[in-house]
Protein chains: 2
Amino acid sequence: MLAIGEFSQLTHLSVRTLRRYHDAGLLEPAAVDATTGYRYYSPDQIPTAQVIHRLRELDVPLSDVQRILRSPDPSTRATLVADHLQRLESELDRTRAAVVSLRRLLRPDPAALDVELRTVPATTVAAVEDDVAHEDVLDWYAGAMAELDAVVRQPTGAPGGLYDNALFENGRGHLLVYRPTAEPPRSGRVHPVTLPAVELAVATHVGEHDDIDVTYGELGSWVVANALAVAGPVRETYLVGPRDTPDPGAWRTEIGWPVFRMAPPVPRGPGAVERRPRTS
Amino acid sequence: MLAIGEFSQLTHLSVRTLRRYHDAGLLEPAAVDATTGYRYYSPDQIPTAQVIHRLRELDVPLSDVQRILRSPDPSTRATLVADHLQRLESELDRTRAAVVSLRRLLRPDPAALDVELRTVPATTVAAVEDDVAHEDVLDWYAGAMAELDAVVRQPTGAPGGLYDNALFENGRGHLLVYRPTAEPPRSGRVHPVTLPAVELAVATHVGEHDDIDVTYGELGSWVVANALAVAGPVRETYLVGPRDTPDPGAWRTEIGWPVFRMAPPVPRGPGAVERRPRTS
DNA sequence: GGTGCGGCCTCCCGATGCGGGAGGGTCAAG
DNA sequence: CTTGACCCTCCCGCATCGGGAGGCCGCACC
């Protein structure tokens, strides 16, 4: 039996941390003196303590560590651990993207962005839509696009998506991906949707999506500078993407921000009702 | 001028977060209405907001973000950013090591560790020592070893180190690295030190140090199982290391834990004083 | 000019995981 | 028994984010 200080030396976990893990039910001492409250650990607990230590180094939350330790058979355990490693991978991707994006932001003199104002008529397309949380977007997108591809046989244009602004503001929002086709089918999650007519401020993003936020920002600046206001979900159109060519440098994504001309500060005739709608 | 909600849409930062960044002095709105407290942002602030967003994605603390933004010339800025990328790199290393170590811990049936009890006489060696914080250990070690190598011309044995237990318990502790030699010189930080005689429980760790903590734990179990107690700083001896061969699989590190035989629970004669010292 | 609702404000609290420190009991060498 | 290291509990602070309450503001609409 080991006092907490000795156990601390053997496991390289601080005494404080060991007490916390006890309170959290993560690593119960083999014995606790009922009168003094002294914790005593068994040498058998060293491996467990080390597993906890390593998982914490991987930023696995304590609750998940507990779940891993509680799972009795090694295969469940291995699965849970593998899930976390997966999470680490995707975090790494995110980090990589942030670095790319940051580089572009800090570049001394960025090239001016080409923005085009385009009037888009209402269109009926085959679509998949859902309310999705920010962190699930990539997975959801992959699934939805795959389903669209499987169902839509004869697309008449590039695929695209509509992304609710609330997605970024509140962490979740309404997403819609679509593929234009002559006779939009109804199958599984796929169903016909009529996209409303809008006026779009359109810019084209070149390359991977790592730094697409920068293009978003530049487009946003342009919109504001031209006395327009944002109205409704952003539209992305995937002109050239990974499905078309493996070369990321050739990818082209159109970003279209629905805009409304701000009402000029002059008296208007009774019929000329053109208001800036609420941005929802 | 943009209200906070519009600015939020353009930058993909939540309204709450924008307010926090204002309070923190990170991103001051271009104008604040004195009577209502309404924040108004200029489109020029979009790039700044995005830089903040990206830096935060890289887990740069707000205070450092502020420092980066406040630094006027781009080269200082680039240096600060590069420092953080450096930090990310080393974190990545740490993560990789944790994964390796975890794999070994979760291996179904680990091979039993060979432990040897060895009596080591007092030795005078050339040493560099210091109080070092946990996170600085690797850098300190590299510098100290380099200095030793430069000064000690004719080593008579493998290099080694003594590592205070407090290093792991409290996050900082006393470190000493040494090289045995016939006439320990005194030069710069290098000076002669007499290592006290100890009885060591010795195990050999094979390969990189990623999972050396696991070996530590197994050695610790052995020590406790054999009714010994830890006394004093751990000793590592680098029998074969990166300086000897580039093949990590051939590296050999001896871990020696100073131990004291626990006093048997029988009355002792007056001269037979053999006590378990306090572990400090 | 009034109304309604969405946007904005401030302030407080919780989660997370770690450490610092106060105040006091326990253990074992001498 | 004394002494000093060790252990206990409890409270607070850190950083960053989100939730929610309670209330003012502004703008489209009538």
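Atoms considered below: every heavy atom in the structure, side chains included; atoms not considered: hydrogens, waters and symmetry mates. Fair warning: this is a prediction, and the values are worked out from it, not measured in the lab. So that the names make sense, note that chain A is the first sequence line, chain B the second, and so on, each numbered from 1.
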Atom pair distance, as rounded to whole Å: [atom1] in [X] and [atom2] in [N]:
{"X": "B/Asp59", "N": "C/dT16", "atom1": "CG", "atom2": "P", "result": "18 Å"}
{"X": "A/Leu18", "N": "D/dT9", "atom1": "CG", "atom2": "P", "result": "13 Å"}
{"X": "B/Glu57", "N": "D/dC17", "atom1": "CD", "atom2": "C1'", "result": "15 Å"}
{"X": "B/Leu2", "N": "C/dC8", "atom1": "CG", "atom2": "C1'", "result": "15 Å"}
{"X": "A/Leu13", "N": "C/dG19", "atom1": "CG", "atom2": "C1'", "result": "15 Å"}
{"X": "B/Arg39", "N": "C/dT10", "atom1": "CZ", "atom2": "C1'", "result": "9 Å"}
{"X": "B/Tyr41", "N": "C/dC8", "atom1": "OH", "atom2": "C1'", "result": "11 Å"}
{"X": "B/Asp33", "N": "D/dG26", "atom1": "CG", "atom2": "P", "result": "7 Å"}

Below 4.0 Å: OP1/OP2 of C/dC8 and any side-chain N or O of B/Thr36 |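 No, outside the criterion.
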For C/dG17, does OP1 or OP2 lie under 4.0 Å from any side-chain N or O of A/Thr17?
->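 For C/dG17, neither OP1 nor OP2 has a side-chain N or O of A/Thr17 closer than 4.0 Å.
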From C/dG19, C/dC9, C/dT26, pick the nucleotide closest to the side chain of B/Ile4?
->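 The nucleotide sitting nearest to the side chain is C/dC9.
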Among D/dG26, C/dG17, D/dT16, the one nearest A/Leu62 by side-chain distance =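 The closest nucleotide is C/dG17.
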So what does [X] hit on the nucleic acid, given a heavy-atom distance under 4.0 Å: a base, only sugar-phosphate, or nothing?
{"X": "B/Arg56", "result": "sugar-phosphate"}
{"X": "B/Arg19", "result": "base"}
{"X": "B/Arg20", "result": "base"}
{"X": "B/Ser63", "result": "nothing"}

Any [X] side-chain heavy atom under 4.5 Å of [Y] side chain:
{"X": "A/Tyr141", "Y": "A/Tyr163", "value": "yes"}
{"X": "B/Tyr21", "Y": "B/Val65", "value": "no"}
{"X": "B/Arg235", "Y": "B/Val198", "value": "yes"}

Output yes when A/Arg20 and A/Asp23 qualify as a salt bridge under the 4.0 Å nitrogen-oxygen rule, no when they do not.
->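 No, this pair does not count.
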Side-chain donor/acceptor contact of [X] with base of [N] under 3.5 Å:
{"X": "A/Arg16", "N": "C/dG17", "value": "no"}
{"X": "B/Tyr38", "N": "C/dG7", "value": "yes"}
{"X": "A/Tyr21", "N": "C/dG17", "value": "no"}

To the nearest 0.5 Å, tell me how far A/Ser14 OG sits from A/Arg19 CZ.
->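 Separation between the atoms: 8.5 Å.
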5' precedence on DNA chain D between B/Pro61 and B/Thr35 (nearest-nucleotide basis) |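 Mapping each residue to its closest nucleotide by heavy atoms, the 5'-most match is B/Pro61.
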